[in-house]
Amino acid sequence: MSSIHGHEVLHMMLDSAESYTTEGLIAAIEKRFGADARFHTCSAADMSAAMLVDFLANKGKFVPQEAGFTTAASKICQH
């Protein structure tokens with residue numbers, strides 16, 4: 001199974017223009033990429049959707065909103 005870069009999840013969030021909760025984002029990721037999808041980033045690999053969301057949160061990739069969080073284009077590294 002191939003691995004999906006975390007940037008794709010951040011772009012999915014930007015494209016949706018929605019605010020997410022942690023549980024809602026995990027569900028959206030699993031719906032879009034599949035429940036068994038694996039993810040990687042520039043510095044981590046072999047993550048589940050839940051692991052990726054936790055990783056991105058810890059890296060400061062989310063922007064708090066009144067009802068959850070979103071992201072911003074400036075939060076996505078350009079490489």
Side-chain angles (χ1 to χ4, degrees):
M1 177 185 297
S2 63
S3 182
I4 300 158
H5 199 289
H7 290 166
E8 291 192 44
V9 170
L10 296 173
H11 285 290
M12 176 194 81
M13 293 174 70
L14 285 176
D15 292 344
S16 76
E18 291 181 36
S19 183
Y20 293 93
T21 62
T22 298
E23 297 79 16
L25 179 56
I26 292 167
I29 292 168
E30 289 178 348
K31 181 177 179 182
R32 168 97 180 254
F33 299 104
D36 294 328
R38 302 307 286 179
F39 300 89
H40 67 277
T41 66
C42 304
S43 61
D46 197 29
M47 293 182 282
S48 66
M51 292 167 67
L52 176 67
V53 170
D54 186 55
F55 176 86
L56 294 173
N58 288 331
K59 290 290 189 178
K61 300 295 185 178
F62 299 144
V63 178
Q65 298 286 303
E66 213 171 290
F69 56 87
T70 188
T71 193
S74 63
K75 299 286 185 179
I76 304 171
C77 54
Q78 301 300 315
H79 56 86

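Just so you know, these numbers use all the heavy atoms, side chains as well, and skip hydrogens, waters and symmetry mates. Quick caveat, the model's predicted, so the values are computed rather than measured.
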Contacts under 3.5 angstrom, residues 56-69 side chains, donor-acceptor by atom type, not counting sequence neighbours:
from : atom 1 : to  : atom 2 : distance (Å)
N58  : ND2    : D54 : O      : 3.2
K61  : NZ     : K75 : O      : 2.9

Donor-acceptor list for residues 10-18 side chains, cut-off 3.5 Å, not counting sequence neighbours:
from : atom 1 : to  : atom 2 : distance (Å)
S16  : OG     : M13 : O      : 2.9
S16  : OG     : E18 : N      : 3.2
S16  : OG     : Y20 : OH     : 2.8

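Judged as a side chain to side chain donor-acceptor pair (under 3.5 Å), the pairs with a partner in residues 39-51 (not counting sequence neighbours) are, in order, S3-H40, R38-D46. Judged as a salt bridge (charged side-chain N to carboxylate O under 4.0 Å, His left out), not a single pair has a partner in residues 19-29 (not counting sequence neighbours).
Judged as a ring-ring contact (aromatic ring centres under 6.0 Å, His included), and not counting sequence neighbours, the contacts of F33 are F39. Residues that satisfy the side-chain contact (heavy atoms from CB on, under 4.5 Å) test with A35, not counting sequence neighbours, are absent from this structure.
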